[in-house]
Amino acid sequence: MTKDKNTALWGGRFESAPDDVMQAINASIGVDQRLAAEDIAGSRAHAAMLAATGIISAEDEKAIQQGLDVIADEIARGAFAFSDALEDIHMHIEARLGELIGEAAGRLHTARSRNDQVVTDLRLWVRGAIDGLQEQIRAFQRALVALAEPHAGTIMPGFTHLQSAQPVSFGHHLLAYVQMMERDYGRFGDARARLNECPLGAAALAGTAYPIDREMTAQALGFDRPMANSLDAVSARDFALEFLSAASICAVHLSRLAEEIVLWTSAGFAFVALSDAFSTGSSIMPQKRNPDAAELVRAKSGRIAGDLQALLMVMKGLPLAYSKDMQEDKEPVFDAHDALRLCLAAMTGMIADLQVNTGAMAAAAGANHATATDLADWLVRETGMAFRRAHHLTGQIVRLAEQQGKTLDALSLEDMQRLAPMLDERVFSVLSPAASMASRSSYGGTAPHNVKAQIAKWKDALK
Ligand code: ARG
């Protein structure tokens with residue numbers, strides 16, 4: 001259904017208004033109103049520069065800044081009216097400015113296009129988002145280190161193939177995630193450093209004939225420098241892709257700990273319990289305590305990785321410079337950001353008051369002959385035997401333990417000596433899980449004194 005007159009800001013050469021469907025597919029205000037603060041900041045910097053270079057008068061600039069004050073206040077108070085007819089956040093703010101200050105509002109868009117405007121806004125937004133996520137990563141790391149500290153010497157089974165492999169320190173296990181989060185922190189930081197260049201002044205695609213000062217706007221907005229190529233400035237979205245890929249990797253890390261929490265809280269493991277604040281009940285089974293938050297963190301990692309895929313596919317094959325396709329860049333960025341913030345907060349909350357069942361962990365660490373490698377290593381160390389032969393002999397001793405239904409350290413020396421006559425009673429000193437864990441003192445290994453040193457290092461670094 002066409003309407004009589006096209007009142008859009010770009011409507012000068014049109015006779016009739018857009019069809020409702022045209023308006024519906026074109027409008028992005030439902031999504032990009034989140035850029036309001038950044039859009040106003042960009043307009044303030046642009047107006048100040050236009051006045052400083054004599055492109056607009058000082059009076060016009062003053063009126064524009066005052067109008068923008070009013071609009072910022074209206075938006076903050078929820079008193080600003082959004083409508084699909086005005087398409088996007090840029091048109092909304094410009095139209096309202098016109099209502100407030102009249103003619104001068106029309107001068108704000110001199111030497112600027114929505115193409116450089118929108119991507120300036122989004123760069124500013126992603127920059128702020130990274131700062132917030134990095135803070136959350138730090139808080140999560142602190143929670144992990146705080147939980148690791150009393151558990152440097154707590155024995156749990158370390159797994160490979162999810163089969164009990166060798167005893168490790170629970171603190172060591174937690175610190176593995178502190179390391180992952182440190183790299184995620186760094187990845188966000190790297191993305192931030194690269195995105196911090198200002199597209200404003202690239203105008204529609206080719207730059208502008210007005211004598212603008214791009215250094216001035218870049219500086220006012222906290223960017224390191226203006227972007228050097230106007231086509232690149234309006235076309236590039238790799239900053240958003242980098243943000244989404246750092247977010248995806250971080251979310252995948254969180255999903256691994258989330259999965260461990262799901263496993264560890266199950267009756268088969270019973271290594272940990274979640275606090276009431278981070279458990280949910282079942283509407284039919286009164287006995288249940290479900291780890292819903294951990295399951296949702298696990299699921300949201302898929303959603304965040306999907307957001308990365310969505311934007312990669314939007315950008316694939318787009319010719320330079322701006323295409324309207326790029327309007328679809330914001331939703332995945334916002335969605336991934338919101339999901340990751342929730343994931344980080346939920347993981348921090350779960351870890352902060354996790355109850356640890358050290359007895360169940362120790363019992364599981366002692367089961368399944370998890371010190372068999374220590375027995376083989378003892379044979380190598382004490383008798384000079386080749387590791388492959390020691391591995392084979394130890395395998396036979398493990399089979400014997402299985403037949404007798406005993407753990408390795410419960411076998412009698414005589415029984416072991418029938419298979420490996422070179423063994424003596426000193427071997428019992430390595431067959432306990434605690435001795436096994438303490439012996440792994442190579443750099444980065446799980447020996448509790450190593451773990452304590454790492455905890456001290458992290459406490460200092462995370463102050
Ligand atoms: N809402 C648009 C976006 O998000 C703003 C840029 C529109 N530019 C244009 N030439 N139609 O991409």
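Numbering of ligands and ligand atoms starts at 1, following listing order.
When all heavy atoms are compared, the tightest approach of V262 to A294 is CG2-CB, 3.9 Å. Across all their heavy atoms, L68 and S43 have their closest contact at CD1-CB, 3.9 Å.
Screening residues 359-368 for salt bridge (Lys or Arg N to Asp or Glu O under 4.0 Å) gives no qualifying pairs among residues at least two apart or on separate chains. The list of salt bridge (Lys or Arg N to Asp or Glu O under 4.0 Å) pairs with a residue in residues 218-228, not counting sequence neighbours, reads E197-R225.
Ring geometry for F82 versus H92: interplanar angle of 30 to 60°, hence tilted.
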Kindly print each ligand 1 N/O atom paired with any protein N/O atom under 3.5 angstrom away, one pair per line, or none if nothing qualifies.
residue, atom, partner, partner atom, Å
ligand 1, 1 (N), D88, OD2, 2.8
ligand 1, 1 (N), Q327, OE1, 2.7
ligand 1, 4 (O), K330, NZ, 2.6
ligand 1, 8 (N), N115, OD1, 2.8
ligand 1, 10 (N), N115, OD1, 3.1
ligand 1, 12 (O), Y322, OH, 2.4

Could you list the donor-acceptor pairs under 3.5 angstrom formed by side chains in residues 342-354, with sequence neighbours left out?
residue, atom, partner, partner atom, Å
T348, OG1, L344, O, 2.6
D353, OD1, S275, OG, 3.0

